[in-house]
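What follows is a set of notes on a single structure, which appears directly below.
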Amino acid sequence: MTSSNSTPVPRGWIVWSLRVTATAHLAGVLAQAALAGLFVTGDVDLLTWHRNNGGVTHSVLYLQLLAAVLLWRPGRGALWPALASLGLVALETVQVVLGQYRAIAGHFPLGMAIFGLSAVFTAWTWLAFRREGAA
């Protein structure tokens with residue numbers, strides 16, 4: 001099955017694996033922001049939750065990267081989602097290091113950038129592979 005521009009449409013399980021992992025990653029990033037906000041308002045116990053959620057969220061991002069690679073090969077899709085996911089892995093790795101060193105001046109804005117990039121990527125996964133005629 002191909003779309004109107006002759007680009008092969010990847011198998012459904014590959015698309016769904018990318019959608020699910022990207023959505024789960026985005027949910028983890030949103031939880032990170034909420035936990036950080038609650039921590040800085042004085043609930044110091046949430047720093048441990050923030051750290052643990054960060055580890056889980058980062059792990060889910062590696063699953064997203066794997067799904068994006070599957071989209072590219074064997075799915076014959078575009079390479080850029082795999083490169084974008086790899087870029088997010090790099091950014092989140094820097095984010096973890098900044099957090100460990102309590103470099104808040106870089107940690108906060110990088111977290112917002114990661115959230116924005118993850119939101120755009122996740123929206124793309126849900127919009128890019130809709131069947132023609134589907135709403």
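- Each of Leu30, Leu63, Thr122, Val60 was evaluated against His25; a single residue qualifies, Val60, per the side chain to side chain contact (heavy atoms under 4.5 Å, CB included) test.
- For the pair Phe115 and Leu26, the minimum side-chain heavy-atom distance is below 4.5 Å.
- The CE atom of Met112 sits 11.5 Å away from the NE2 atom of His107 when rounded to the nearest 0.5 Å.
- In this structure, the side chains of Trp13 and Leu70 come closer than 4.5 Å at one or more pairs of heavy atoms.
- Residues Pro81 and Phe121 have side chains in contact (heavy-atom distance under 4.5 Å, counting atoms from C-beta outward).
- Note: the hydrophobic cluster containing Leu46 does not contain Val29 (ILVMFWY, side chain heavy atoms under 4.5 Å, direct or indirect links).
- The shortest heavy-atom contact between Ala82 and Leu65 is O-CD1, 3.5 Å.
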**OP:** Could you check His50 against Leu38 for side chain to side chain contact (heavy atoms under 4.5 Å, CB included), going step by step and ending with a plain yes or no?
**Re:** CA-CA 10 Å; His50 182 72; Leu38 292 170; over 6 Å; no
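- In the hydrophobic clustering of this structure, Leu88 does not group with Leu83; members are Ile, Leu, Val, Met, Phe, Trp, Tyr whose side-chain heavy atoms approach within less than 4.5 Å, directly or through other members.
- Within the 4.5 Å cutoff, side-chain heavy atoms of Val97 are placed close to those of Tyr101.
- We find the OG1-CD distance between Thr57 and Gln32 to be 5.0 Å, quoted to the nearest 0.5 Å.
- We find the CZ-OG1 distance between Phe39 and Thr41 to be 9.5 Å, quoted to the nearest 0.5 Å.
- Within 6.0 Å of the CH2 atom in Trp49, the count of heavy atoms belonging to other residues, nucleotides or ligands does not exceed 12.
- Formation of a donor-acceptor pair under 3.5 Å by the Arg102 side chain with backbone atoms of Gly99 is found in this model.
- Between the side chain of Gln64 and the backbone N or O of Leu18 there is no donor-acceptor pair closer than 3.5 Å.
- Contact detail for Asn53 and Gly28: the closest heavy-atom pair is ND2-O, 3.0 Å.
- Under a hydrophobic clustering in which Ile, Leu, Val, Met, Phe, Trp and Tyr are joined whenever their side-chain heavy atoms come within less than 4.5 Å, directly or via other members, Trp124 and Val15 fall into the same cluster.
- Surrounding CZ of Arg11 are at most 12 heavy atoms belonging to other residues, nucleotides or ligands under 6.0 Å away.
- When every heavy atom of Leu61 is checked against every heavy atom of Ser85, the shortest pair comes out as CD1-O, 4.3 Å.
- Under the 4.5 Å side-chain heavy-atom criterion for ILVMFWY residues, no single connected hydrophobic cluster contains both Phe129 and Trp16.
- In terms of heavy-atom proximity, His58 sits nearest to Val89 at CE1-O, 3.6 Å.
- Taking hydrophobic clusters as Ile, Leu, Val, Met, Phe, Trp and Tyr residues chained together by side-chain heavy-atom distances below 4.5 Å, Val69 does not share a cluster with Trp80.
- Not one N or O on the side chain of Thr23 forms a donor-acceptor pair closer than 3.5 Å with the backbone of Val20.
- Closest approach of Gly75 to Ile14, counting heavy atoms only: CA-CD1, 4.0 Å.
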